[in-house]
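Shown next, in structure tokens, is the structure this report addresses.
In what follows, chains are A, B, ... by sequence order, proteins preceding strands, each numbered from 1. Keep in mind the model is a prediction, meaning the values are calculated, not measured. These numbers come from the heavy atoms of this one structure, side chains and all, not from hydrogens, waters or symmetry mates.
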2 protein chains.
Amino acid sequence: MATPELCVRVDLAERGYDIEIGSGRLATSGAFVASRCQATHAVVITDTNLKSTHAAAVVASLEAAGLRVDQVVLEPGESTKSIAQADQLWRAMLEFGTDRKSIVAAVGGGVVGDLAGFIAATYARGISFVQFPTTLLAQVDSSVGGKVGVNLPGAKNMVGAFWQPHGVVIDIDALLTLPDREYRSGLAEVVKYGVILDEPFFEFLLGHVDAINARQTDVLANIVARCCQLKADVVQADEREETGIRAVLNYGHTFCHALETVTGYGTFLHGEAVAIGMLCASRLAESLGRIDATTTQRQHDLLSALHLPVAVPDLDRQQLLDAMQHDKKTVGGRLRFVLPTRIGHVELVDDVASDLARAAFDG
Amino acid sequence: MATPELCVRVDLAERGYDIEIGSGRLATSGAFVASRCQATHAVVITDTNLKSTHAAAVVASLEAAGLRVDQVVLEPGESTKSIAQADQLWRAMLEFGTDRKSIVAAVGGGVVGDLAGFIAATYARGISFVQFPTTLLAQVDSSVGGKVGVNLPGAKNMVGAFWQPHGVVIDIDALLTLPDREYRSGLAEVVKYGVILDEPFFEFLLGHVDAINARQTDVLANIVARCCQLKADVVQADEREETGIRAVLNYGHTFCHALETVTGYGTFLHGEAVAIGMLCASRLAESLGRIDATTTQRQHDLLSALHLPVAVPDLDRQQLLDAMQHDKKTVGGRLRFVLPTRIGHVELVDDVASDLARAAFDG
């Protein structure tokens, strides 16, 4: 089946933007940019894995649209999201003669998007930014909502901003060349949307496990669009994470961040830690009497069918708990979690006892 | 005469705030903060000159209001506004256990305010920020409008954000202990407001030169409040410098930034470079036939009466011109200036010929 051409509009008070989803879209990025901003110069930020493929396609398309293009090629991996790397990028931007008629174009996954977005948010107090997410995780998560930033040692995303892009172009074909583990990592966030907001979507995923595992682009385009729409709805209601509404997106993430912090971001891909974290959160909801074991089991079964990890590894539980208590979303040291009441709905639960939180790491 | 208690409201779509102006206000800062945000923890950022005086007063007042207080004491001077210093501050914030219930309190001049504000804008994607400007320059300029940031080598304020404070407390008494040169530097920005927006205010300054030179607090409180109100009016009309309205505040600043860049920020205090820069801009307006020599002379006379420098030093003119062409406000390499049409009104002038701009450095 042909890949559908889809568009999701993110309506924000300050500045709305479109997310365009389809096949072969990287090669048409120049037209997308030209129709949305009067840029004369682009700084393409990508990583070494994508330089000669996806990034080259974007560069060629931007140049064909008449833009002067500079390019920065980063090392892939979470350690690139550092202040030191940001410092190098800021200086490179200056050397390129970047000004307020320039745009930053991020071509890559979450690391590239988060770092490039932070540079766009802070260079000359903020310039335009266009995202070309090439991983499933970035397509369904980090490319919607404007969260950008870098890590401090031991504290993920601790320095950053809310900075909305001018537009997002999602090329579904990019998913076909993703390494297997990275593709599956993105599926964890896809499952998350079903659990927190949309039971029919959760059932759709269960019913299309084979198509998803086979990376059928028609199914994937619809999945990506549905996730972007669900996230856009949430972000529109709470752009700056102030009312608690946006917090639903953090389902599984407090446990996930603890796993990532304790293992030094190296052991798990983000989505893998999210998969484990969702099951921890679901067990915590069970121990608080909010759901029964079936609700956890259904998530476990879908994540397993998508070949995602479901067991917490052998790590010191107290160290994991300490990491949660230092999470930047922890206010005044009190543990709060997003917990399911059923598939399709979650609630923010405050003041969770630390022994229950610790016990939830054990399946 | 007693110092009046004045308040200027900055009305912004996203978040308005009050600027309170009076005598002895640093000692009441705890009550100000407590009435405006539910903070439980404050990080006071100041410099070594103010640690035992103004900063100590703020710390004591915040503690008396029940807040846990951490303090960072910086070296004074423009070189503190660096990425390296920001990096140290971000890490210190993490060590202090700073979270979204914390506030950043800046006690000092523009360097402290700009850096502390940038940290507040970016730590945990943005936390609350209160300003206690203690220099005249910071009181009338950098504490209003939300511009925060740090320098890159050779490019002032190149990394930053727009981040509005929760409130500003201006203690006029702080002006009494300012070093003479620093006090006069602030007066240059005061004169600027008269030239760009308010001829009666310009005349008021001319009529109160002796009181200003004697630092009479009743006169100063009214001057500071008028400047804050004028700046607030402009910022309200163009918060993010998008429509060109806010650009009027940059009168003299393109020349000023060139002087600062070429001399390495060390030779001139900012206001001194502004004084010289305004006269350069005024001469450029003359050479374009927009004003006559009298308009430049009136500015020259007021600046001289306030003992501000009025002559461009012996620097390479081409180097100065190059610096202007690399200014972050220069779009696509085209020189644009804010130029007076009379005392009290300025206009944005695009595409100025570079030889005229270079000639304006010569008085």
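Between the CG atom in A/Leu152 and the CD atom in B/Glu95 there is a gap of 10.5 Å [rounded to 0.5 Å].
Nearest heavy atom pair, residue A/Leu94 against residue B/Pro153, reads CD2-O, 3.8 Å.
Looking at A/Trp90 and B/Met158, their side chains never come closer than 4.5 Å, going by heavy atoms from C-beta outward. Counting only heavy atoms from C-beta outward, the side chains of B/Arg125 and A/Arg240 never approach each other to under 4.5 Å.
Comparing A/Gly126, A/Ala84, A/Gly160 by heavy-atom pairs within less than 4.5 Å of chain B, the highest count is held by A/Gly160.
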Show me, pair by pair, the donor-acceptor contacts under 3.5 angstrom made by side chains of residues 63-71 of chain B, not counting sequence neighbours?
residue, atom, partner, partner atom, Å
B/Arg68, NH1, B/Asp70, OD2, 3.2
B/Arg68, NH1, B/Phe96, O, 3.3
B/Arg68, NH2, B/Phe96, O, 3.2
B/Asp70, OD2, B/His41, NE2, 2.8

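Heavy atoms from other residues, nucleotides or ligands lying under 6.0 Å from CD of B/Gln38 number 12 at most.
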